[in-house]
Each structure stands twice: as C-alpha cells, then as structure tokens.
Amino acid sequence: MDSRYNYTQTEEQMYALWEKADAFNPDSAPEDLKTSKKHFSIIMPPPNANDPLHVGHAIFVTIEDIMIRYHRMLGDDTVWIPGTDHAGIETQFVFEKKLQKKKQSRFNFDRSTLYNMIWEYVQENSGIAVDQIKKLGASADWSRYKFTLDKDIVKTVLETFKQLHKDGLVYRDFRLVNYCTKCGTSYSELEVDHIDQVSPLYFVKYPLVEDPSEFIMVATVRPEPIFADTHLAVNPTDKKHNHLVGKKVLNPLTNEAMTIIADDYVDPEFGTGIVKITPAHDPNDFEIAKKHDLPIKIAINSKGKLTDIAGKFAGLNVASGRKAIVEELTQKGLIDHIDEKYQNRVGTCYRCKRVIEPLPLPQFFIKVQDETKNLVRDALASLDSGETTIHGAGREKILRHWLTNLKDWNISRQIVWGISIPVWYQVEDQEEHITIGFLDAEKKFVQEQLSVLLKTYKLEEIRAGIQSVLADASVPYQVSETQPKTGVWIQETDTFDTWFSSAQWPFVTLQNTIEGDFERFYPTSVMETGYDILPFWVMRMMLLGIYKTGKSPFSDVYLHGLVRDQKGQKMSKSKGNVINPIEVVEKYGADALRMALVIRSTPGQDKSVGEGDFKAMRNFANKIWNATRFVILNNQEQATSKAAIGDAAFYTKLSEVVTESSALLDKLQIGLAADYIYNEFWHWFCDICIEENKAAKLSNKAIIDGITTFIQLLHPFMPFVTETIWQELLEEKVVTTPLLITTPWPNK
RNA sequence: GGAAUGUUAGCUCAGUUGGUAGAGCAUUCGGCUUACAUCCGAAGGGUCAGGGGUUCGAGUCCCUUACAUUCCACCA
C-alpha cells in the first residue's frame with residue numbers, strides 16, 4: 001500500500017466492481033444480507049436529461065446514497081430508482097437558443113419536426129447526467145432507470161389525466177393565464193417571479209359623457225390596454241364617488257362610452273379611488289368582469305403586440321405602444337400628471353425574465369379543492385396524521401401555507417417538448433370557433449380561423465404542418481389519445497406542464513419498472529430534494545400521489561439546503577463562484593466532495609462549502625487509508641496477540657459508537673452522523689486507540705475490529721475509499737465478505 | 001402586509017427529550033515519533049445578538065427588541 005490514497009485510480013474500479021456484482025439491485029442481494037423484512041426505497045429526483053450536474057445534484061446524490069447504502073447494509077430490501085426528466089420548458093428553451101444561433105426559430109418548424117429535433121438533441125446529451133451521477137458513487141439501480149418520456153411512463157401519466165377528467169377534477173376554462181410572450185407559453189402562478197420596480201404612474205382623464213369638460217381621473221401604470229377598457233368602477237360605499245355609478249365616460253383612446261359600475265373590490269383610499277376595468281389584461285378586472293358579466297376586449301395578443309382594436313397603434317409591442325399612447329394622450333390633454341417614482345411589483349417569467357402578460361386563454365386546469373375529491377384536504381390530512389413527515393427547518397408550515405392557499409393548477413403549456421394533452425376538438429360546426437396556425441406546403445406560416453382556412457386548404461394539409469390549435473372554450477372536446485372514431489376532430493397542440501408528470505413520479509416509476517415493485521416499494525421511504533422545489537414538486541407529488549394511490553407517496557421528506565460558496569454567497573454564473581462537482585471529484589475525489597457536502601449539514605438550512613472543506617475531507621480519506629495501512633502492517637508483523645488491558649473499555653466504546661451512528665442515521669440526521677463518525681474515528685480511534693496499541697495497552701484484535709467497524713460505518717459516506725480498503729483487507733484475510741457495499745452493518 | 005429561518009471562536013457552520021460550549025479552515029509554538037507532514041503534540045480565542053421570564057440548572061423552552069436572509073401576498 002502506498003502511503004497516500006490515490007482516488008483517481010480506484011474510484012472507477014470500485015464502481016465497476018459494484019456494477020459487475022449487480023450490487024445496486026435488490027434482487028441480487030446476497031442471501032446473508034437479507035436479514036430484515038423491511039423495505040427501503042427512494043425515488044431519485046430526476047435531473048434534466050441533457051444537463052451537466054451542478055452542486056445541487058451532488059448534494060441529493062450524496063444524501064440519498066448515504067441513506068440507501070446504510071439501509072442496504074442493514075439488510076433492508078433496498079432500492080434507489082434513478083431517472084431523468086425531459087424538463088419541458090427548460091429543454092425547449094435551451095434548444096431554441098441553439099436554433100437562434102442558426103438564425104432559426106421554433107416557428108420555422110411544424111410540431112412533429114420540432115419534437116423530433118429536440119428528441120435527437122436530448123438523446124445526444126442524455127448520457128451526461130447519468131455518467132456524472134455514477135462518478136459521485138450513486139448506488140442506484142440502473143436496471144430500473146426511467147425517463148419521463150418513456151412510453152410506459154407516458155401511458156400511466158395519461159391514465160391519471162383521464163381519471164382526473166372522469167372525476168371532474170380536470171376542466172377547461174377561458175381564464176386569464178400568465179403568459180410569457182417570449183417563451184410563447186402560459187405558466188402556472190408558481191413560475192411567475194414578482195419583481196419590485198419603479199414605474200411611472202399615469203393619471204389619465206376620462207371625459208364625462210354628459211359634460212365632456214368634466215373628467216374622471218384614473219391612475220394606471222399600463223395605459224396601453226386602455227383600448228380594452230370596458231368600464232370604470234368605484235366602491236359602492238365611497239361617498240365621494242358613488243354618485244357616479246351609472247354615469248358614462250368616454251374611453252380616452254376610442255371615444256366609446258363606458259359605464260361606471262360599483263364593486264367593493266375598489267379601495268376608496270387607494271389612488272384616485274376609481275379603477276378602470278380591463279378584463280382581458282388584469283386578473284382582478286377579469287374577476288369583476290365575470291361577476292358583472294362584462295364583455296372582454298383583447299388589446300394585446302400572444303406575441304405581445306397590440307391588436308387591431310388599437311387602430312393606428314396595432315402591431316406595436318407593449319413597450320413602444322405605451323410610449324406612443326402616452327404621447328397621444330398627452331397631446332389630447334388627457335394626462336393630468338405622472339408620478340415617476342411609483343413603486344410596484346411586476347410579474348416576470350422565471351425563465352427569461354420578461355414581463356408576464358395576463359392573457360385570456362382557454363386552458364386545462366386541475367381543481368385542487370373539490371367537495372368530494374379534495375386534493376388539498378387529503379394532502380393536509382397526511383401531514384396531520386404523520387403519514388408524511390417533513391424534515392427541514394420550518395418547511396412543514398410553509399407547505400401547509402402553500403396548500404391552504406393553493407389555486408387551481410394550469411397544466412397547459414404551449415410548447416412542443418412534452419407529453420401531448422390527449423384531447424380532441426370537434427371540427428364539424430365549430431370551424432368558426434377554432435383558430436389554427438400551421439406551415440403550408442411552402443413552409444409559410446398561416447394563422448386563421450378554420451372556417452377561412454378550409455376554403456383554401458384541406459384539413460390534411462393543415463394537420464401536416466400544424467403548430468397551434470386554439471379552440472374556444474365552448475368547443476366540444478373528447479379526452480382520448482387517438483382521434484375519436486366518428487366525426488372529424490383535431491388534436492389539442494398543448495402539452496402538459498412538466499410538473500404534471502413529475503408529480504406522479506413516485507408511482508409511475510414503480511408501476512413501470514418490474515412487476516411487483518409497486519406493491520413492494522410503495523409508498524416510498526424518503527423523498528429527498530431541495531427545499532426550493534417544495535411547492536413545485538413535493539406538494540404536487542402529494543396531491544396526485546394520494547389521489548391516484550390513496551397513500552402519500554413517501555413517509556419522510558428530507559429537504560436539503562442550498563450550497564453556498566465559502567463566503568456564504570449564493571452561487572451564480574455571473575459571480576463566477578459556481579462549484580462544478582465533477583472538477584472537485586477530479587481534484588479531490590468523490591468521497592471528499594460527498595463528505596464536504598454533508599458533514600455538519602442540516603436539513604432545510606443552507607451550507608457554505610469551499611476549497612478548504614474539500615481539502616480537509618480529502619485529508620480525511622487519506623487518514624482512513626493510513627490507519628488501515630497501520631493495521632495491516634502491524635498485523636503482518638505480530639500475527640499473534642493477547643488481549644490487552646484496555647480491550648474491555650475499547651469494545652464498550654466501540655459498541656457505543658455503532659449505536660449512536662445508527663441512531664443518528666435512523667433519525668435522518670445525516671450531517672450530525674457524518675460529524676460524529678468523523679470525530680470518533682480520527683480523534684478517538686486514530687489519536688488514542690492506535691497509540692495505545694503501539695504502547696501495548698490495546699490488542700491487535702481490538703484494533704482490527706475497530707478498523708473494520710469504522711470502515712463499515714464510514715462506507716455510506718465515503719464509499720470509494722472504504723471499499724478500496726475493504727478489498728485490501730480481504731486480500732490480507734482480515735475480512736471475509738467479498739464486497740463492503742453488501743456487507744452487513746456492524747452489530748451494536 | 002404576512003410567514004419561515006437565522007444571529008454560537010477571526011471565517012464557515014454543528015450542537016433535537018434543558019445538565020460544566022464543538023468541528024473544519026485560519027492564528028501561535030514545538031515536532032519528518034518507522035500509519036499518515038494530505039501528519040503529530042500543545043496553545044490562544046466564545047458573558048452562545050440585546051433584554052426579560054420559566055427552572056436547582058437554558059445556546060437549548062417561553063416572551064420581547066434589533067438585525068440578516070428567504071418566501072408569499074398586494075391593488076388601479
């Protein structure tokens with residue numbers, strides 16, 4: 001043995017050794033390991049199939065692998081199911097950037113061509129994430145690997161949708177949705193970031209019809225959709241203004257007459273106490289419009305351009321439209337004044353940072369609170385009963401808060417890269433209510449009402465180049481993967497929100513791996529992921545998991561913190577402080593990275609990690625290596641040994657260490673367990689026991705038992721160095737089981 | 001406006017049924033002692049944010065103040 005542990009040589013070999021022995025597969029577990037009747041299962045949070053790993057991935061791989069290796073050694077029937085995610089919007093976004101470089105956009109292609117291109121692209125890169133996860137030592141059962149777009153997975157996901165629809169929990173509705181005009185898709189409210197900003201607040205004058213020299217003043221930060229204003233509103237209890245109810249004003253841009261209505265949504269104290277109602281472009285106004293049955297006029301289209309009702313301004317985008325309209329209003333003398341320092345919050349796209357436009361679109365929603373099947377209520381109940389426990393500083397309260405305030409979930413996305421919503425719209429008699437965008441034979445984009453299109457094109461031509469179908473909310477539809485047998489139908493072009501399939505991940509994976517896996521491993525033991533996706537993922541897994549299986553998909557949720565740099569700052573590409581886990585693996589070894597990430601970490605709490613930590617843990621790996629070296633050399637020199645004076649106390653303490661380590665791991669106190677074992681190993685076993693052995697106060701047998709026990713305790717944390725050492729010990733005939741990974745956990 | 005979390009050694013953080021404060025890095029001193037200089041031995045350094053309370057006893061429980069971080073809501 002060299003005096004230094006060389007991880008670059010051994011890590012790959014050890015992983016190959018495990019794979020060769022099929023050690024990650026519970027169905028290949030050695031007989032002498034199957035001592036427990038318990039099952040232990042973790043579903044890996046699927047990373048984007050085509051993305052390289054960042055530290056966040058390294059954290060979850062490490063923590064989950066620690067749990068898995070521990071339970072495997074305990075003798076539990078243990079499985080860790082890996083997978084990757086198609087990551088709908090993320091991936092399409094990256095792909096579109098590549099198209100942009102070639103001066104192309106997604107609108108140059110029909111749906112199926114684009115889908116196939118992205119599929120190819122993902123295939124090319126799909127090995128990246130998996131390879132890197134292996135480099136970190138993940139003992140996941142790759143024979144059970146799943147991808148979110150695997151045929152069997154998709155089938156199960158669609159079944160859930162059909163069932164939800166049958167139960168009345170899916171509905172299609174014409175509503176204001178959060179739409180990003182750059183990404184070209186709607187989002188759920190969770191994907192919208194609200195950002196503080198200072199914007200000019202315009203005080204616009206609306207002339208009274210009965211006396212145009214009199215004006216009603218309304219404040220707005222968004223003058224550009226004034227074309228779509230339908231009414232003004234005041235609070236019915238507002239004595240200053242309620243005499244205006246029923247009177248009419250002129251729209252300052254269109255000169256159309258608008259009635260002033262009363263609604264208690266209006267805050268008399270705020271602004272001028274009078275609100276303009278723009279149903280199509282403000283969520284609150286939309287609600288009021290519904291309540292009072294007001295017409296909906298659309299001033300901004302899905303491309304972010306002003307529509308025809310903007311007259312000479314039609315075709316301008318929101319920003320330049322606003323400028324032009326403010327100019328126009330100023331000329332007309334209809335702008336009273338402007339508050340330049342008005343602070344407000346603007347919804348922006350989490351992905352591209354563009355301002356989100358609230359646009360009225362018919363979309364599919366999941367009803368989260370229903371009288372008979374109440375998804376939210378059931379999820380809360382599983383928290384109440386302790387069926388599911390959340391680990392992570394105060395996160396359970398946050399989850400409860402999310403659940404109690406949850407709105408219906410918009411699952412429609414206007415992108416190609418994803419699972420198609422299995423819905424078909426009736427074409428007959430509905431031609432005037434369906435708008436279609438497609439590429440004609442010359443690859444020219446055409447968008448028109450179907451009734452118009454059918455005068456020039458055959459339906460088959462349209463289908464071949466199809467990009468988007470926009471059916472009015474009134475158009476009848478059928479839920480089906482294939483075209484209904486009778487009649488003429490056209491398929492919905494929207495795909496599901498990626499999270500709709502991710503939310504089903506625990507059961508769709510187990511239902512499609514190996515016959516019997518679902519019964520054997522569901523509900524899973526632990527769901528381990530970052531606290532930042534608690535509402536996106538964990539909450540929704542509970543909603544759909546309970547709905548579909550009657551059981552919460554996991555009994556414990558371990559939410560790890562985010563990794564920060566050595567100064568405690570968030571990592572970001574622009575700061576240049578991003579840690580590339582693979583670089584760390586190459587420089588210090590995977591064991592060092594793993595240990596640095598988990599030691600003294602706490603669920604739900606961020607952890608700062610830097611070069612010094614990796615170095616320290618590399619040194620620790622070397623320490624383990626050298627302690628073993630001492631034991632082996634020592635053993636060779638003096639093969640026989642008698643019991644020594646310190647042995648009894650040593651064994652008592654050693655057993656204590658095993659008990660305590662196991663207790664900490666059982667309680668999911670991973671960071672504490674790592675710290676504890678680290679200290680006992682280095683500062684007790686190495687500093688004291690080995691020195692006592694040199695002084696003949698401790699027997700060689702005790703030292704051998706000590707090192708083998710510690711190697712076992714350390715294995716979940718630092719699998720490579722410990723397995724390497726085990727192989728050395730095996731050669732020396734100090735140990736007997738062929739692989740440490742499948743060696744039983746030490747007895748207490 | 002609401003909520004969560006944090007404030008412990010110079011730095012980054014542990015400290016989970018309340019019982020004489022810990023680790024890594026950094027600092028100082030001394031050591032190549034035949035497992036390890038990616039090491040060993042020793043040392044310095046904390047009134048555990050401030051205040052109040054419960055208790056025989058509080059970093060640990062309760063109240064309160066301040067500061068920090070994060071999340072949610074929000075209105076023209």
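Chain A is the first sequence line, chain B the second, and so forth, proteins listed ahead of strands; every chain is numbered from 1.
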> Nearest whole Å is fine: how far is rC36(B) P from Phe620(A) CZ?
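It is 18 Å, rounded to the nearest whole Å.
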> Under 4.0 Å between any heavy atoms, over every strand shown, what does Arg600(A) touch: base, sugar-phosphate, or nothing? Just pick one.
base
> What verdict does the side chain to side chain contact (heavy atoms under 4.5 Å, CB included) test give for Tyr531(A) and Val538(A), after you've listed the backbone C-alpha separation in whole Å, the side-chain angles of each residue and the deciding distance to 0.1 Å?
CA-CA 9 Å; Tyr531(A) 66 74; Val538(A) 177; over 6 Å; no
> Is the ring pair Tyr678(A)/Phe620(A) parallel, tilted or perpendicular, if the boundaries are 30 and 60 degrees?
tilted
> Base, sugar-phosphate alone, or nothing: which one does Val631(A) contact when heavy atoms must sit under 4.0 Å apart?
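The residue Val631(A) makes no contact with any strand.
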> rG1(B) P sits how many Å from Gln343(A) CD, rounded?
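That distance rounds to 14 Å.
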> Compare the minimum distances between each of rA23(B), rA4(B), rC72(B) and the side chain of His401(A), then state the nucleotide with the smallest one.
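The answer is rC72(B).
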> Nearest to the side chain of Ile398(A), which nucleotide is it out of rA4(B), rC75(B), rA76(B)?
rA4(B)
> Using the C1' atom as the reference point in each nucleotide, state the distance between rG50(B) and rA68(B) in Å, no decimals.
15 Å
> What does Asn622(A) touch in the nucleic acid at a heavy-atom separation under 4.0 angstrom: a base, only the sugar-phosphate, or nothing?
base
> Starting the side chain at C-beta, find the nucleotide from rU38(B), rA23(B), rA73(B) nearest to His194(A).
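Nearest nucleotide to the side chain: rA73(B).
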> When we call it a touch if two heavy atoms are under 4.0 Å apart, what does Lys694(A) touch: a base, just sugar-phosphate, or nothing?
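Base, at least one base heavy atom under 4.0 Å.
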> OP1 or OP2 of rC40(B) less than 4.0 angstrom from a side-chain nitrogen or oxygen of Trp682(A), does that happen here?
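Looking at the OP1 and OP2 atoms of rC40(B), one of them is under 4.0 Å from a side-chain N or O of Trp682(A).
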> Mind calculating the distance between CD1 (Ile690(A)) and P (rU34(B)) to the nearest angstrom?
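Checked: the CD1 to P distance equals 15 Å.
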> Heavy atoms under 4.0 Å, any strand shown: does Ala627(A) hit a base, just sugar-phosphate, or nothing?
base
> Can you tell me how far C1' in rU20(B) sits from the matching atom in rU47(B), rounded to whole Å?
15 Å
> What does Asp687(A) touch in the nucleic acid at a heavy-atom separation under 4.0 angstrom: a base, only the sugar-phosphate, or nothing?
sugar-phosphate
> In whole angstroms, how far is the P atom of rC75(B) from the CD atom of Gln197(A)?
13 Å
> Distance check needed: rC39(B) C1' versus Arg618(A) CZ, whole Å only.
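Whole-Å distance recorded here is 12 Å.
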> Mind checking if Glu691(A) touches a base, just sugar-phosphate, or nothing, with heavy atoms under 4.0 Å?
base
> Does rC13(B) have its OP1 or OP2 closer than 4.0 Å to a side-chain nitrogen or oxygen of Lys607(A)?
no
> Starting from the C-alpha separation in whole Å, work towards a yes-or-no answer on side chain to side chain donor-acceptor pair (under 3.5 Å) for Glu191(A) and Ser188(A).
CA-CA 6 Å; Glu191(A) 276 108 355; Ser188(A) 79; 2.6 Å; yes
> Heavy atoms under 4.0 Å, any strand shown: does Arg4(A) hit a base, just sugar-phosphate, or nothing?
base
> Is Gln605(A) touching bases, backbone alone, or none of the nucleic acid, heavy atoms closer than 4.0 Å?
sugar-phosphate
> Taking it one step at a time, do Gln727(A) and Met14(A) satisfy side chain to side chain contact (heavy atoms under 4.5 Å, CB included)?
CA-CA 9 Å; Gln727(A) 297 306 315; Met14(A) 291 305 118; 4.2 Å; yes
> For Tyr5(A), answer base if it contacts any base atom (sugar-phosphate contacts may also be present), sugar-phosphate if it contacts only those atoms, and nothing otherwise; contact means non-hydrogen atoms under 4.0 Å.
nothing
> Between Ile688(A) (CD1) and rC40(B) (C1'), how many Å, whole number?
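After rounding, the gap between these two atoms is 14 Å.
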> Taking it one step at a time, do Arg629(A) and Glu728(A) satisfy salt bridge (charged side-chain N to carboxylate O under 4.0 Å, His left out)?
CA-CA 9 Å; Arg629(A) 223 176 121 223; Glu728(A) 296 278 348; over 6 Å; no
> For the backbone of Pro279(A) and the side chain of Lys290(A), can you confirm whether one donor and one acceptor N or O come within less than 3.5 Å of each other?
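Pair absent, no side-chain N/O of Lys290(A) close to backbone of Pro279(A).
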> Under 4.0 Å, counting only non-hydrogen atoms across every strand here, what does Thr602(A) touch: a base, just sugar-phosphate, or nothing?
sugar-phosphate
> Assign Trp402(A) to base, sugar-phosphate, or nothing according to its heavy-atom contacts below 4.0 angstrom with the strands shown.
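Sugar-phosphate contact only.
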> When you compare the protein's N or O atoms with those of nucleotides 64-70 of chain B, which come within less than 3.5 Å of each other, and at what distance?
none

> Quick one: side-chain contact (heavy atoms from CB on, under 4.5 Å) partners of Lys323(A), sequence neighbours excluded?
none
> Would you say Asn284(A) reaches rA76(B)'s phosphate, i.e. side-chain N/O to OP1/OP2 under 4.0 Å?
no
> Salt bridge (charged side-chain N to carboxylate O under 4.0 Å, His left out) between Lys247(A) and Glu214(A): does it pass, once the steps are laid out?
CA-CA 12 Å; Lys247(A) 294 192 174 166; Glu214(A) 289 272 321; over 6 Å; no
> What is the distance from CG of Leu534(A) to P of rU5(B), rounded to the nearest Å?
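Checked: the CG to P distance equals 13 Å.
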> Does OP1 or OP2 of rA23(B) have a side-chain N or O of Asn679(A) closer than 4.0 Å?
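For rA23(B), OP1/OP2 do not have a side-chain N/O of Asn679(A) under 4.0 Å.
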> Using the side chain to side chain contact (heavy atoms under 4.5 Å, CB included) rule, take Phe286(A) and Ile296(A) through it: C-alpha gap first, then chi angles, then the decisive distance, then the call.
CA-CA 8 Å; Phe286(A) 189 80; Ile296(A) 291 169; 3.5 Å; yes
> What is the nucleic acid contact for His683(A), judged by heavy atoms within less than 4.0 Å: base, sugar-phosphate only, or nothing?
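Sugar-phosphate, backbone atoms only, no base.
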> Is any side-chain nitrogen or oxygen of Lys623(A) closer than 4.0 Å to OP1 or OP2 of rC40(B)?
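Checking Lys623(A) against rC40(B): at least one side-chain N or O falls below 4.0 Å of OP1 or OP2.
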> Rounded to whole angstroms, how far apart are CG on Asn626(A) and C1' on rU33(B)?
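After rounding, the gap between these two atoms is 15 Å.
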